[in-house]
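In this text the structure is predicted, and so the values were computed from the model without any measurement. Residues take their numbers from the sequence shown, with the count starting at 1.
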Amino acid sequence: MKVVPVVGARGQGGGAGEAMATDGGVVPRGSRARSLAVPLAAAAAVVLAAAYVGAVDPGEPGHYPPCPFLALTGLYCPGCGGLRAVHALVHGDPVSALGFNPFVVALVPVAALVWGRWVLLSWRGRPFTMKSVQANYVWSFLALMILFWILRNVPFGEFLAP
């Protein structure tokens with residue numbers, strides 16, 4: 001493991017405003033807080049959005065626009081029932097949430113893991129890019145989403161409809 005001195009305000013390694021990087025990168029003091037700002041802001045936005053959906057019931061007509069795909073085709077999209085599922089989750093009712101949209105419910109822990117990886121990489125001073133997520137995971141996600149989309153619109157997959 002290579003230890004690299006980070007040059008701060010004084011121009012020498014180890015002084016005030018400086019840190020040691022153990023991975024060969026440069027990690028000035030205070031930059032960790034800045035690097036965590038974006039993932040923490042994203043988490044705050046998600047929490048605020050979930051709080052709004054929890055406060056404003058999507059089951060009541062007129063609060064949210066209808067699904068355009070459902071309105072145009074009469075078929076459910078993968079997101080249909082997602083707001084009601086989030087509303088149920090916010091109110092601590094995972095069984096109802098699964099009834100509204102099991103795909104959204106399954107995505108909550110996946111999103112938490114991806115966000116955790118983003119925080120960890122940011123903390124280490126590394127960028128979070130799509131290269132951080134393996135391609136086979138992305139293709140698997142897309143395949144499962146399309147399968148869910150199809151199954152919830154055929155007669156034997158009726159239990160997946162919201």
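- Aromatic ring orientation, Phe103 versus Phe148: parallel (interplanar angle below 30°, classes split at 30° and 60°).
- Heavy-atom minimum distance, Ser122 versus Pro39: OG-CG, 3.7 Å.
- Residues Trp115 and Val46 form no side-chain contact, since every pair of their non-hydrogen atoms from C-beta on lies 4.5 Å or further apart.
- The minimum heavy-atom distance between Cys77 and Trp149, with the atom names listed, is CA-NE1, 3.6 Å.
- Two different hydrophobic clusters hold Val110 and Val104 under the rule that ILVMFWY side chains link at heavy-atom gaps under 4.5 Å.
- Residue Asn153 holds its CG atom at 7.5 Å from OG1 of Thr73, rounded to the nearest 0.5 Å.
- The nearest pair of heavy atoms linking Arg84 to Gly59 is CG-N, 4.2 Å.
- When every heavy atom of Tyr64 is checked against every heavy atom of Val53, the shortest pair comes out as OH-CA, 3.5 Å.
- For the atom pair NE2 (His63) and CG (Leu83), the distance works out to 12.0 Å, reported to the nearest 0.5 Å.
- Following chains of ILVMFWY side-chain contacts shorter than 4.5 Å, one can reach Val86 starting from Val56, so the two form part of one hydrophobic cluster.
- Proximity of Asp57 to Glu60: side-chain heavy atoms (C-beta onward) are separated by under 4.5 Å at one or more points.
- When all heavy atoms are compared, the tightest approach of Phe69 to Leu75 is CD2-O, 3.4 Å.
- Atom OG of Ser140 sits about 12.0 Å away from atom CG of Leu147, to the nearest 0.5 Å.
- Linking Ile, Leu, Val, Met, Phe, Trp and Tyr whenever their side-chain heavy atoms come within less than 4.5 Å puts Val114 and Trp139 in one cluster.
- Here the closest non-hydrogen pair linking Gly81 and Phe100 is O-CB, 3.5 Å.
- Leu98 pairs with exactly one of Asp93, Val105, Leu160, Leu89 by the side chain to side chain contact (heavy atoms under 4.5 Å, CB included) rule, that one being Val105.
- Expressed to the nearest 0.5 Å, how far CG of Leu107 lies from CG of Leu144 amounts to 9.5 Å.
- Under a cut-off of 6.0 angstrom, the local environment of OH in Tyr137 is sparse, with at most 12 non-hydrogen atoms contributed by other residues, nucleotides or ligands.
- The main-chain N or O of Cys80 is found under 3.5 Å from a side-chain atom of Asn101 such that the two form a donor-acceptor pair.
- One hydrophobic cluster, built from ILVMFWY side chains closer than 4.5 Å, holds both Leu36 and Val38.
- With a 4.5 Å cut-off on side-chain heavy atoms, Ser96 and His91 do not count as touching.
- Residues Val154 and Phe159 share a hydrophobic cluster, clusters being chains of Ile/Leu/Val/Met/Phe/Trp/Tyr side chains in contact below 4.5 Å.
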